[in-house]
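Below is one structure; the comments refer to it alone.
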2 protein chains.
Amino acid sequence: MAQVKLLGLWYSPFSHRVEWALKIKGVEYEYIEEDLQNKSSLLLESNPVHKKIPVLIHNGKPICESLVILEYIDETFEGPSLLPKDSYHRALARFWAKFLDDKVAVVVNTFLLKGEEQEKAKQEVCEMLKVLDSELKDKKFFVADKFSFADMAANLVGLWLGVFQEASGVAVVINENFPNFCAWRDEYINCSQVKKYLPPRNDEFVAFFKALAQAAAPK
Amino acid sequence: MAQVKLLGLWYSPFSHRVEWALKIKGVEYEYIEEDLQNKSSLLLESNPVHKKIPVLIHNGKPICESLVILEYIDETFEGPSLLPKDSYHRALARFWAKFLDDKVAVVVNTFLLKGEEQEKAKQEVCEMLKVLDSELKDKKFFVADKFSFADMAANLVGLWLGVFQEASGVAVVINENFPNFCAWRDEYINCSQVKKYLPPRNDEFVAFFKALAQAAAPK
């Protein structure tokens, strides 16, 4: 029987993408929570380039980078497809997944940086939201009205961005200026393909990011 | 008959990746050179998010982002595969292609920035070269001893990085500290799968980047 291990972090959107994919495919796996202050030798050996989670280990072979792992899971295991069948739709899904992944740093920077650098990051997040607001008008999912790969990559903006905002008190003025994005996000969080795979947005989850934002604040 | 157009720039490594893929597959295409100072309405309509080349237009449908285009070409057209057949090898190829693409900004910054920011970019390029030097020891290609996707993404470091260095006079000390990288690069540039698809490293090519570096220098 195939042996599948996932090295992850309970609060990471990138870990959650991989767990989501494994659950959709019905793959049994062992989840190993990492400690960023004391990274395991398994993590350091499995991802020597970035030393980051998530890492999927399948039959002893490590695969790194969440979107690369999703493609691997889709190609390797039976079950519902994560990428669309049509190659043009697959290209659109990969385009939007890359777009969202390229924005990770600015989303995190609005939350962790201060002063002028934070203002710059907020501006960049606003530009990202403008693009998404235009793209998501009257849309429930990114590509061809079907849940797929890009929607899994969208967990960062669908859930975490709002939690970051609440936890840090940083207002990016999401609600007023980006109505299509907000309508999409509200449906996204509550639709069946997504809801059961996102972590609960409970007090513990928000409190964790509040503590992280406070730790990052200048002393 | 399928209609394929490529919007590109003659000096762009990203355009060249796509041309390379089309040639390997034997796809006939119309190449349209863009002017960054006066972008065509076709480019602006085809890539409204980034407004950047390359864009592949296939039967009227635009596909953006060079690595996304390579995956699309591989899935859509007959001919030799661009990605490895084995799914683990495909994951490795995607991992290295992403690694190389994530370094584009720092590679370009060593060439265009000045002063402290340039020093920081040089340091980051050195870190990238350290990783590549370790990975490429005794290797001709990135994955499974066969030319594939990651090697196409490596055109930036295989050819352009050295040209940027010559054109700007910025020494990143490639030669002394990264012998495996240099051995790989020399073989890469001259091997048959690569050589005929790279632009000639002639005086015109270097002079173009020299002029670009001078234009970017503080007045």
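By convention in this document, chain letters (A, B, ...) are assigned in the order of the sequence lines, proteins followed by strands, and residues within each chain are numbered from 1. Every value quoted in this text rests on a predicted model; they were computed, and no experiment measured them.
Here the OG atom belonging to B:Ser87 is positioned 8.5 Å from the NZ atom belonging to A:Lys61, to the nearest 0.5 angstrom. Going from atom CZ of A:Phe95 over to atom CG of B:Asn47 covers 5.5 Å, rounded to the nearest 0.5 Å. Residue B:Asn59 holds its CG atom at 11.0 Å from OH of A:Tyr88, rounded to the nearest 0.5 Å. Atom NZ of A:Lys98 and atom NZ of B:Lys98 lie 6.5 Å apart (nearest 0.5 Å).
Heavy-atom distances place both the backbone and the side chain of A:Pro62 under 4.5 Å from chain B.
Within 6.0 Å of atom NZ in A:Lys25, more than 12 heavy atoms from other residues, nucleotides or ligands are found, so the atom counts as buried in its surroundings. Within a 6.0 Å radius of NZ in A:Lys39, more than 12 heavy atoms belonging to other residues, nucleotides or ligands are found. Other residues, nucleotides and ligands contribute at most 12 non-hydrogen atoms within 6.0 Å of the CG atom of B:Asp145. Residue A:Glu33 places its CD atom among more than 12 non-hydrogen atoms of other residues, nucleotides or ligands, all under 6.0 Å distant. Within 6.0 Å of NZ on B:Lys120 lie no more than 12 heavy atoms contributed by other residues, nucleotides or ligands. The 12-atom threshold is not exceeded at NZ of A:Lys130, counting heavy atoms of other residues, nucleotides or ligands nearer than 6.0 Å.
Contacts between residues 49-57 of chain B and chain A, defined by a heavy-atom separation under 4.5 Å, are made by B:Val49, B:His50.
Between B:Ala91 and A:Val68, the shortest heavy-atom contact is O-CG1, 3.4 Å.
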Item checked: Worked check of salt bridge (charged side-chain N to carboxylate O under 4.0 Å, His left out) between B:Lys85 and A:Glu75 -> CA-CA 11 Å; B:Lys85 291 285 181 207; A:Glu75 292 176 352; over 6 Å; no

Check: Step by step, would you call B:Arg90 with A:Glu71 a side-chain contact (heavy atoms from CB on, under 4.5 Å)?
Finding: CA-CA 9 Å; B:Arg90 292 163 76 87; A:Glu71 297 252 16; over 6 Å; no

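Of the listed residues A:Val131, A:Asp101, A:Ile63, the one with more heavy-atom pairs under 4.5 angstrom with chain B than any other is A:Ile63.
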